[in-house]
Amino acid sequence: MTGIDQSRRGDPMSVRVRFAPSPTGNVHIGNIRAAIFNWLFARHAGGHFLLRIEDTDRERSTPEAVQAVLDALAWLDLNFDEPPLYQSTQKHIHLQAAETLVEKGLAYKEDKGGKGQGECILFRMPGTDMAFHDEIKGDLRKEAKDLKDFVIVRSDGSPVFHLGNVVDDITQGITHIIRGDDHVENTFRHVALFQALGATVPHYAHLPMIVNAQGKPYSKRDGAAYIGDFREKGFHPGALFNYLSLLGWSPGEDREKMTRAEAVEWFTLDRVKSGPAQMDLKKLTHLNQQYLTEMAPDAFFDIVAPILKRTSWGGKADPAYIRQVSALMQSRAQTFSAAETWKYFFVEFPDYDDNAVSMHLKKAAIPPLLSALRSTVAANDFNAAELHRAVRGVEASGGLAEGKLNQPLRVALTGTTIGAGIFETMLLLGRDRSLARLDLALNRFCAG
RNA sequence: GCGCCCAUCGUCUAUCGGUCAGGACACUAGGUUUUCAUCCUAGUAAGCCGGGUUCGACUCCCGGUGGGCGCGCCA
């Protein structure tokens, strides 16, 4: 008896996979990609996706760090099927397994010296060449001489990663281990442990790593390598999920943008690539814009409203007004953070861009026309049809081609050359603010 | 240093011996749009190198080069 409850391994046909992060405060993009692939695999197979928190590092494993993992999974909607297993609660089972191995002669105690800490427990490798089949990398083998005994319990009595990891996989009845390929070499040890513990060896699949724009492994200084960063930068979880699923995997037939259901339906391990993949923020952003455009206006508003609330100028705006601005600007937002550029809708007077001003308001012909337009607008009803008629009328009287007054008007009203349709924008700004801004622009930029 | 893995446009990829080597992002040039964004059209751009096997290799084999990972009482 190993002391490990193997009852959950019941149906050998039922797939059980797990995401087993160690909570360190931030969830790395590579880790979450592993979670996505595990989730996809489980859902495709109609199996179970489990979560295990490897919280044996008491220093870093704070409740906040655990919450960060849970938040990341929730944000990406990676739902798991059973309560998470906290590795720290399994310590006695790990140790019992180690004792069993010692009793069977499959592990032994030894004082390796060092800092004089006493005896630790080492696992005895079989002494033969080993091989296992990787669903992604194919058949992998290692010669006996490269497989050395290793510590499974430290001299201070704490279980080492390899032991805890394997024992917990047995406890959770894991059938397929899908993880980053930095674990490939460990797998020989793990296979030996599964066998020594009398458990069925699970199937393995090692995922290629995600590297940075320089083709190097992501490090702290690369930034934006944590999923919280992407959330803060205004990415849609669906877009990130879609994009990440395409890093190292492809459904073929030129399919890229896909729904979750499609990804689940098409996902198979044999279509996972084996070489490292680079993140491309540009492509992610492009996908993101598509996701934002397709969102229901209310859903878009729900996310954008809190972002505006946090700005110095959008804090106390009327929700109904925000909803209108949101609806107008949604289709041109690449990320949710684009809302931070909507300032001119929420203040009395906009910040004027110097280039825009000199380009569109400094020409001699413009001031008199804007002035005339100001009078016409003030004298008529403030609606789209009238505004349109007013602008066209002034253009005609000034000998300008149709549409040539639009940009000067836009700059006078918003301070910038880019934005949604100028008439729609004006209607949102309202009659008073529009007239006031025209006056200000006329006085400040067109006088003298 | 030793071991293992990988190698198609700048990037993500399709291709499972015979294709004008396809798609997407990015880029360039047009078009639509009052600006921007969107959208449409077109274009530039790839099989790391060297040997084999084969009637025929991006595809199979060997070598080289380059890159990644591993070699802890870390996880």
Side-chain angles (χ1 to χ4, degrees), chain A residues 20-22 24 54-57 60-61 87 110-115 117-122 134 136-138 140-143 145-148 150-162 164-165 180-189 206 208-211 213 215-217 243-244 246-257 270-271 273-287 289-290 292-293 329-334 338 341 356 359-360 388 391-392 395 401-411 414 416-423 425:
Chain A
S22 60
T24 59
E54 301 209 331
D55 58 347
T56 52
D57 183 339
R60 294 184 294 177
S61 299
Q87 188 162 64
E110 181 180 305
D111 185 344
K112 294 187 70 182
K115 297 290 181 188
Q117 301 167 61
E119 291 189 320
C120 56
I121 300 178
L122 286 93
D134 189 283
I136 294 170
K137 295 177 182 295
L140 269 18
R141 57 189 68 255
K142 199 98 174 169
E143 291 180 46
K145 67 176 173 59
D146 295 318
L147 266 9
K148 290 185 290 203
F150 58 98
V151 175
I152 53 176
V153 178
R154 300 186 187 85
S155 49
D156 69 357
S158 61
V160 168
F161 163 72
H162 304 293
N165 192 259
D181 70 12
D182 49 333
H183 281 296
V184 177
E185 308 288 332
N186 288 332
T187 305
F188 295 97
R189 297 170 167 181
H206 288 93
M209 308 301 278
I210 295 177
V211 296
K216 297 292 181 186
Y243 179 74
L244 252 22
L246 256 15
L247 243 35
W249 173 72
S250 159
E253 296 178 24
D254 299 333
R255 295 176 287 205
E256 292 203 328
K257 186 167 182 295
D270 63 338
R271 291 196 67 90
K273 287 236 312 177
S274 187
Q278 271 181 230
M279 283 281 295
D280 180 0
L281 268 310
K282 293 265 189 58
K283 186 157 181 168
L284 204 210
T285 302
H286 176 83
L287 238 198
Q289 174 159 27
Q290 293 185 45
L292 297 200
T293 300
M329 302 302 283
Q330 177 176 354
S331 67
R332 10 178 82 69
Q334 289 194 308
T341 68
M359 182 86 80
H360 295 284
H388 196 269
V391 171
R392 294 293 170 261
E395 281 169 348
E402 204 172 277
K404 291 299 182 187
L405 199 54
N406 284 7
Q407 282 303 77
L409 176 59
R410 176 189 300 284
V411 173
T414 70
T416 174
T417 57
I418 62 179
I422 188 58
F423 300 116
T425 300

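First the proteins, then the strands, lettered A, B, ... as listed; each starts at 1.
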Q: Do A/T417 and A/H360 come close enough that some side-chain heavy atom pair is under 4.5 Å?
A: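 A side-chain contact exists here, since the closest heavy-atom pair is under 4.5 Å.
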
Q: Describe the nucleic acid contact of A/A420 in one word from base, sugar-phosphate, nothing, applying a heavy-atom distance below 4.0 Å.
A: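 Contact class for A/A420: base.
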
Q: Checking only heavy atoms, does the side chain of A/S155 share a donor-acceptor pair with the base of B/C73 at less than 3.5 Å?
A: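 For A/S155, whose side chain was compared with the base of B/C73, there is a donor-acceptor pair (under 3.5 Å).
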
Q: For residues A/V160 and A/R154, determine if any side-chain heavy atom of one lies less than 4.5 Å from a side-chain heavy atom of the other.
A: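 Side chain of A/V160 against side chain of A/R154, heavy atoms only: contact under 4.5 Å found.
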
Q: To the nearest Å, give me how far apart CG (A/N186) and C1' (B/A75) are.
A: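 Between C1' of B/A75 and CG of A/N186: 9 Å.
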
Q: What does the B/S/- profile of nucleotides 41-48 of chain B look like, 5' to 3', with a 4.0 Å heavy-atom cutoff to protein?
A: --------

Q: Does the side chain of A/R332 reach to within under 4.5 Å of the side chain of A/I418, using non-hydrogen atoms?
A: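 They are not in contact (no side-chain heavy atoms under 4.5 Å apart), so the answer is no.
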
Q: Distances under 3.5 Å between protein N/O atoms and the N/O atoms of nucleotides 8-12 of chain B, please, pair by pair.
A:
residue: B/C12; atom: OP1; partner: A/Q278; partner atom: N; Å: 3.1
residue: B/C12; atom: O2'; partner: A/L246; partner atom: O; Å: 3.1
residue: B/C12; atom: O2; partner: A/K283; partner atom: NZ; Å: 3.4

Q: What is the nucleic acid contact for A/S250, judged by heavy atoms within less than 4.0 Å: base, sugar-phosphate only, or nothing?
A: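 Counting heavy atoms under 4.0 Å across all strands, the contact made by A/S250 is with sugar-phosphate only.
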
Q: Of the nucleotides B/C5, B/C73, B/G22, which one has an atom closest to the side chain of A/D254?
A: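 From the listed options, B/G22 comes nearest.
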
Q: So which one's nearest nucleotide on RNA chain B is more toward 5', A/D156 or A/D181?
A: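 Final value for this comparison: A/D181.
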
Q: My understanding is that only residues two or more places apart in sequence, or in another chain, count here; which of them pass side chain to side chain contact (heavy atoms under 4.5 Å, CB included) with A/E395?
A: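 A/V391, A/R392, A/L400, A/E402, A/L405, A/N406.
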
Q: What integer number of Å spans the C1' atoms of B/C48 and B/G66?
A: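 Comparing C1' positions in B/C48 and B/G66 gives a spacing of 8 Å.
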
Q: When you measure from the side-chain N and O atoms of A/K112 to the phosphate of B/C73, is any distance below 4.0 Å, counting only OP1 and OP2?
A: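 It does, given that an N or O in the side chain of A/K112 lies less than 4.0 Å from OP1 or OP2 of B/C73.
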
Q: On a whole-Å scale, what distance lies between the P atoms belonging to B/G23 and B/U15?
A: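 Taking atom P in both B/G23 and B/U15, they lie 15 Å apart.
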
Q: Between B/U59 and B/C16, how far is it from one P atom to the other, in whole Å?
A: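 Straight-line distance between the two P atoms is 13 Å.
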
Q: Between the main-chain N or O of A/S250 and the side-chain N or O of A/R271, is there a donor-acceptor pair closer than 3.5 Å?
A: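 A pair under 3.5 Å: yes.
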
Q: Hey, is the side chain of A/D182 pairing donor to acceptor with the base of B/G70 inside 3.5 Å?
A: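 For A/D182, whose side chain was compared with the base of B/G70, there is no donor-acceptor pair (under 3.5 Å).
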
Q: Hey, which sits more toward the 5' end of RNA chain B by its nearest nucleotide, A/K404 or A/E185?
A: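 It is A/E185 whose nearest nucleotide is closer to the 5' end.
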
Q: Check whether any side-chain heavy atom of A/N165 sits under 4.5 Å from a side-chain heavy atom of A/H162, and report yes or no.
A: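 They are not in contact (no side-chain heavy atoms under 4.5 Å apart), so the answer is no.
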
Q: What nucleotide among B/C36, B/A26, B/A75 has an atom nearest to a side-chain atom of A/R332?
A: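 Out of B/C36, B/A26, B/A75, the nucleotide with an atom closest to A/R332's side chain is B/C36.
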
Q: Please report the distance separating the C1' of B/C49 from the corresponding atom of B/G22, rounded so that it comes out in whole Å.
A: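 One C1' to the other, the span is 26 Å.
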
Q: OP1 or OP2 of B/C74 sitting under 4.0 Å from any side-chain N/O of A/R154?
A: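 Answer yes for this pair, as a side-chain N or O of A/R154 is under 4.0 Å from OP1 or OP2.
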
Q: Which nucleotide in the set B/C69, B/C73, B/A75 lies at the smallest distance from any side-chain heavy atom of A/V151?
A: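 That would be B/C73.
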
Q: Is it true that atom NZ of A/K404 has more than 12 heavy atoms of other residues, nucleotides or ligands lying nearer than 6.0 Å?
A: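 12 or below, so no.
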
